[in-house]
Amino acid sequence: MKRKRHNPEQIIRKLRTAEQLLNQGQAVADVCRALEVSAPTYYRWQQLYGGM
């Protein structure tokens with residue numbers, strides 16, 4: 001399976017979407033499924049780009 005690479009703009013857009021979904025009460029696992037990324041990837045992105 002080919003790996004997807006996301007550019008920083010896409011990552012920030014997905015993190016904003018994740019924040020909205022989490023505020024609606026969804027679980028992190030459901031948010032990761034909706035974003036089509038794994039939980040470790042989500043947490044890594046949040047650590048790297050979360051302050052933006």
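None of the values given here were measured: they were computed from a predicted structure. The residues of the chain are indexed from 1 along the displayed sequence.
Between C32 atom SG and Y43 atom OH the span is 6.5 Å, to the nearest 0.5 Å. With rounding to the nearest 0.5 Å, the separation of CD in Q46 from NZ in K14 is 15.0 Å. The CZ atom of R44 sits 9.5 Å away from the OH atom of Y49 when rounded to the nearest 0.5 Å.
Listed by first and then second residue, the salt bridge (Lys or Arg N to Asp or Glu O under 4.0 Å) pairs involving residues 25-35 are D30-R33 (not counting sequence neighbours).
Contact check for L22 versus E19: no side-chain heavy atoms found under the 4.5 Å cut-off.
The number of heavy-atom neighbours closer than 6.0 Å to CD of Q10, taken from other residues, nucleotides and ligands shown, is above 12.
Under the side-chain contact (heavy atoms from CB on, under 4.5 Å) test applied with L35, the options T41, T17, I11, L15 reduce to a single match, T17.
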